[in-house]
**Q** 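Sharing a structure, written as structure tokens. Questions coming.
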Amino acid sequence: MEKQAKIIDGRILSTKIREKLKKEATKFEKKNKRPIGIAVVLVGEDPASQTYVKNKVKACEECGIKSFVIMRPAETSQDELDQIIRDLNESIEVDGILTQLPLPKHLDENHVLDLIDPKKDVDGFHIQNAGKLFVGQDSLVPCTPAGIVELIKSTGKRMEGKHAVIIGRSNIVGKPIAMLLLAQNCTVTICHSRTKNLARVTKRADILVAAIGRREFVTGGMIKRGAVVIDVGINRHEGKLYGDVNYDQASKIASHITPVPGGVGPMTITMLMSNTIKAAQATLETPQK
């Protein structure tokens, strides 16, 4: 009988972390006579974005964080959106700000992300936070990579000295998770669409992170026996969700694996809550003028 990989359940881990976060948020509110606050800016009526925002609001309620949802029509101008961000930067009720992506095409996403106060940038996308992550300084880091590190830690396996291979080089997942795993003293390889002999590289991975957005791209033949496999992909096909990893094949070879759904996804929103609390606590340490 083949040994099956242990499932790294993101929902269970997320619930445990949110319980701790709620205690921190409650303690903050008692001490400061106000709740921790996060503002979510949603421009347009993209159904997926609306669902994500609802999930974030629900998570806020679970963690004792006050959410402010600012909804604007798709035709909102760049100047109007910029002013909304500036107002939120100045608000003493708002500790964290995120703009739900994607924005309508006439709006400049990079400009908007860089306009957010880095201290309130709970998505971790501001160029200043990205730079701090790169040089190893404490910062607000992107939520999905932060969640991945927690998922790997939950296996009980040491990361130090392990070879981590990441498939995908996006600014949101691939690059930041590489920096975080380097900080855990892993040896890190980033693979991408131009990587030659990809399977030869991935089969050397003690930790394999797949984040490319291609349904079941990673097969069992690409995985080292006993590896920890983190599947970041969310691919819809014929009404079902699939990851970037062929789960049936990988689960017979890996020691631990995240499912899709129920793996990385829940942890992403949980780490958003964690970043918001961290931002609030840092604001107290360096009060605004």
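All residue numbers refer to positions in the sequence shown, counting from 1.
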**Q** Between the side chain of H163 and the main-chain N/O of T202, is any donor-acceptor distance below 3.5 Å?
**A** no
**Q** If the threshold is 4.0 Å, N to carboxylate O, is there a salt bridge linking R158 and D206?
**A** no
**Q** With side-chain hydrogen bond (donor to acceptor under 3.5 Å, both in side chains) as the test, would you mind laying out the steps for S154 and K16 before giving the verdict?
**A** CA-CA 11 Å; S154 74; K16 290 179 180 177; over 6 Å; no
**Q** Would you indicate whether Y52, at its atom OH, is surrounded by more than 12 heavy atoms from other residues, nucleotides or ligands within a distance under 6.0 Å?
**A** no
**Q** For the side chain of K278 and the backbone of S139, is there at least one donor-acceptor N/O pair under 3.5 Å apart?
**A** yes
**Q** When you measure from the side chain of N89 to the backbone N and O of D117, does any donor-acceptor pair fall under 3.5 Å?
**A** yes
**Q** Can you check whether Y242's main-chain N or O pairs, donor with acceptor, with E216's side chain at less than 3.5 Å?
**A** no
**Q** Surrounding NZ of K157 (heavy atoms of other residues, nucleotides or ligands, distance under 6.0 Å), is the total greater than 12?
**A** yes
**Q** Determine, stepwise, if the pair D87 / Q83 fulfils side-chain hydrogen bond (donor to acceptor under 3.5 Å, both in side chains).
**A** CA-CA 6 Å; D87 290 344; Q83 189 58 52; 2.9 Å; yes
**Q** Please check this pair: side chain of N129 against backbone of G124, looking for a donor-acceptor N/O pair closer than 3.5 Å.
**A** no
**Q** For the CD1 atom on I127, are there more than 12 heavy atoms of other groups (residues, nucleotides or ligands in this structure) within a distance under 6.0 Å?
**A** no
**Q** Taking D244 for its side chain and R214 for its backbone only, find out whether a donor-acceptor pair lies under 3.5 Å.
**A** yes
**Q** Are E62 and M273 packed together at the side-chain level, in the sense that at least one heavy-atom pair is separated by less than 4.5 angstrom?
**A** no
**Q** After noting the C-alpha distance and the side-chain angles of L88 and K120, does the key distance pass the side-chain contact (heavy atoms from CB on, under 4.5 Å) rule?
**A** CA-CA 9 Å; L88 293 174; K120 295 188 178 187; 6.0 Å; no
**Q** Are there over 12 heavy-atom neighbours, none belonging to K56, within less than 6.0 Å of that residue's NZ?
**A** yes
**Q** Has the side chain of N185 got a donor or acceptor atom that lies under 3.5 Å from a matching backbone atom of G161?
**A** no
**Q** With a 4.5 Å limit on heavy-atom distance, are the side chains of M271 and E150 in contact?
**A** yes
**Q** Between the main-chain N or O of D121 and the side-chain N or O of H126, is there a donor-acceptor pair closer than 3.5 Å?
**A** no
**Q** Would a distance-only check, ignoring hydrogens and angles, find a side-chain to backbone donor-acceptor pair under 3.5 Å from N246 to Q249?
**A** yes
**Q** Could you report the tightest heavy-atom contact between I8 and P259, atom names first, then the distance?
**A** O-CD, 3.3 Å
**Q** Without swapping roles, check the side chain of E93 against the backbone of G37 for a donor-acceptor pair under 3.5 Å.
**A** no
